[in-house]
Every structure is written in C-alpha cells, then in structure tokens.
Amino acid sequence: MAAVAPPTEPQFPLPKVLTYPASTPPSLITQGAEGRVYKTTHLLASRPCALKYRPPKPYRHPILDARLTKARISSEAKVLERCWRDGVPVPAVYAMDPAAGWMMIEWIEGIPVRVGINGWLGERPEDGAETPKEDETPLVDLMKRIGTAVGALHRTGVVHGDLTTSNMMLRPRQGGQLENGCAGDEDRAKVVEGDVILIDFGLATQSMSDEDRAVDLYVLERAFASTHPRAERLFAVVLGSYKATFKKAPSVLIKLEDVRLRGRKRSMIG
Ligand SMILES: Nc1ncnc2c1ncn2[C@@H]1O[C@H](COP(=O)(O)OP(=O)(O)OP(=O)(O)O)[C@@H](O)[C@H]1O
C-alpha cells in the first residue's frame, strides 16, 4: 500500500474559519506586513475564494489592535461592495467577519497585469532603440482596458491608493491564457488578453476630489514607469481611455500636471 503523506503543518496558525473541513486544504498565497491571503474552498467546493486575513499584532495594544483590524477589514469590504455594485471590475465579497480579521472574496483566476506586460515585452530592447516596428495592438488594447477600469473606479467615487500593475489581475476569457506570462511568438498576444480586475483595496478610500484621483493616477504612472520602462510611452494610452470612460477626467488630468510638477520638485530637492 502506498504511504500516505502526513498532513503538513501550516507555516502560520490558520484563522479559525479555515480550520473547519473543506474540500481542499487552504493554501497560503502571500504573507505581507499587514496580513495574509489564502486560497480556499471553504465556502463551496466549486467556488475558490481568496481569504484576506489580518492576524492580531502582538506589538500593538490589544484593544487598539482589535479596533484597527475591524475598521480596516470593514472599510476594504465596503469599498469593494460599492465598486462591485456599480460594475467596476473588482472581486465580489462573499463573506466577512471584521472582528475576527477576515473577509472572503471572489478568487480571480489569471496572472497579474505586471506579469502579462512583461511577458509581452520579453527580450525587447529599450524604448527608442532602432528596431523594426511591430504590431503592438494587443498591448495597446490592454492599456486601454487598464484606463477603462481606473476610469470606472474613479467614476464610482473610489480612489485605490496603491494602483500598480501588480494590483490588477488579467482574468482569462474563453480559450484561456498562459500560466506564467512566458510565450512563444504564436502565443505572445495571449499573455496580454483577458479582463482587467482591480484588487487590493486595503488603502482605498471614497473620494470625489480631483486631487485624490490625480494622485491615484500619478502613483500608477510612476509604478508603470519603474516596472515597465520599455513600455513607458504607452501610458498615454491608459490616460486616453481613462478620459473616454470618465466624464470628469479632463479636470483630473489638469490636476495630474500639478501633481507631476510637485513630484519632480520633490525629487530635485531629494
Ligand atoms: N481576489 C483574488 N484573487 C486571486 N488572487 C488574489 C486575490 N486577492 C489577492 N490575491 C493575491 O494575493 C496577493 C496579495 O493580495 P493583496 O495585495 O490584496 O494583499 P496584501 O498586499 O496583503 O493587502 P494589503 O496591501 O491590504 O495589506 C495579490 O498580489 C494576488 O496575487
């Protein structure tokens, strides 16, 4: 008889909700400074979920810690629900227990947009290098979908607070997508296909201010330039589709000029 492997001890004590039986054991996806993300099937075997859990912080006063944790989970879930109701592409919230520090949200299949873009760029030379022009339509289309998603987010009265291409998932449409963002020539377009879903609303707030929206765009612009320097010029496409999606974009884009100027001054001063 084949030996049965003993169950492996989880690296961290599981939140209580994940100690109940489920069709598959939970798997730890990330361990950040503030919390952990697990993939679980605790709700339904056919419906994988992401469980965001903020464990107690031993270095904080317990009453303050409990209050902060509860407020942060509630606030993230509230923002997600508002977005979802208004049709912004975000994971649905399935369940939560803010006092216990967790919320269970829709699992988004696919790869982070960052991985998709880098998979597309592959070994391409730096921007501006002498190369024959190639058809960039699939990448440009992805930029448009990013701008549309951010435009929808701002239209609904939410600013994300940490927009990066890591906080966006590319959910495959029918026919699938590549697992790891690496592709041969014939599959290259596939790595940038799919619906853009915004994730990680831990720093999100409800705001209608041009300034807050412009800062959100600026954070994304800076993150984009440092993560994808070879595609920096395409950020204009993101802003173009943002403008096409969101009626109030023109005043936000004027504000963005100020925010950029402040950013440049700050980096000159050091
Ligand atoms: N709904 C989801 N579906 C699939 N994967 C997810 C989902 N939510 C999060 N992830 C994965 O977990 C990672 C961390 O998630 P997230 O950024 O929301 O948590 P965090 O960084 O711990 O949060 P916070 O910034 O609020 O402390 C993501 O980069 C992604 O890989």
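Start at 1 with the first residue, then count along the sequence. Whatever order the structure lists ligands and atoms in, that order sets their numbers, starting from 1. As the structure is a prediction and not an experimental result, all values here were calculated from the model.
Looking at every heavy atom in both residues, S251 comes nearest to D210 through OG-OD2, 3.0 Å.
The shortest N or O to N or O distance between K52 and ligand 1 is below 3.5 Å. Not a single N or O atom of E34, backbone or side chain, sits closer than 3.5 Å to an N or O atom of ligand 1. Residue-to-ligand polar distances keep S166 apart from ligand 1: every N/O pair is separated by 3.5 Å or more. Polar contact check, E106 against ligand 1: a nitrogen or oxygen pair lies under 3.5 Å apart.
Contacts of I105 with ligand 1, taken as heavy-atom pairs under 4.0 Å, involve the side chain alone. The part of R54 lying near ligand 1 is the side chain, judged by heavy-atom distances below 4.0 Å.
When the shell of 6.0 Å around NZ of K243 is examined, it contains 12 or fewer heavy atoms from other residues, nucleotides or ligands.
Looking only at heavy atoms of the protein, atom 24 (P) of ligand 1 is closest to D200 OD1, 3.5 Å. For atom 12 (O) of ligand 1, the nearest non-hydrogen atom of the protein is V37 CG1, 3.7 Å. Summary of contacts: the protein heavy atom closest to atom 14 (C) of ligand 1 is T30 OG1, 3.4 Å. Of all protein heavy atoms, the one lying nearest to atom 3 (N) of ligand 1 is I108 N, 2.8 Å. Remark: minimum distance from atom 6 (C) of ligand 1 to any protein heavy atom is reached at W107 CZ3, 4.1 Å. Closest protein heavy atom to atom 31 (O) of ligand 1: I29 CG2, 4.4 Å. Of all protein heavy atoms, the one lying nearest to atom 22 (O) of ligand 1 is G35 O, 4.0 Å.
T156 OG1 to M208 CE: the interatomic distance, rounded to the nearest 0.5 Å, is 8.0 Å. With rounding to the nearest 0.5 angstrom, the CZ atom of F235 is 6.0 Å from the CG atom of L217.
Ligand 1 places these atoms under 4.0 Å from at least one heavy atom of A50: 1 (N), 2 (C), 7 (C).
Using the six-membered ring where Trp is involved, Y242 and H154 have ring planes that are perpendicular, over 60° apart on the 30 and 60° scheme.
A side-chain donor-acceptor contact under 3.5 Å links T41 and S23. With hydrogens and angles left out, the side-chain atoms of Y218 and R262 include no donor and acceptor closer than 3.5 Å.
Ion pairing between a basic and an acidic side chain is recognised when a charged N comes within 4.0 Å of a carboxylate O; D195 and R173 show such pairing.
Distances shorter than 4.0 angstrom do not occur between any heavy atom of G32 and any atom of ligand 1.
R213 places no side-chain N or O within donor-acceptor distance of the main-chain N or O of R155, the cut-off being under 3.5 Å.
Considering each of V93, I199, L203, I111, the one bringing a non-hydrogen atom nearest atom 10 (N) of ligand 1 is I199.
Under the side chain to side chain contact (heavy atoms under 4.5 Å, CB included) rule, L142 has a single partner from V192, V191, T165, which is V192.
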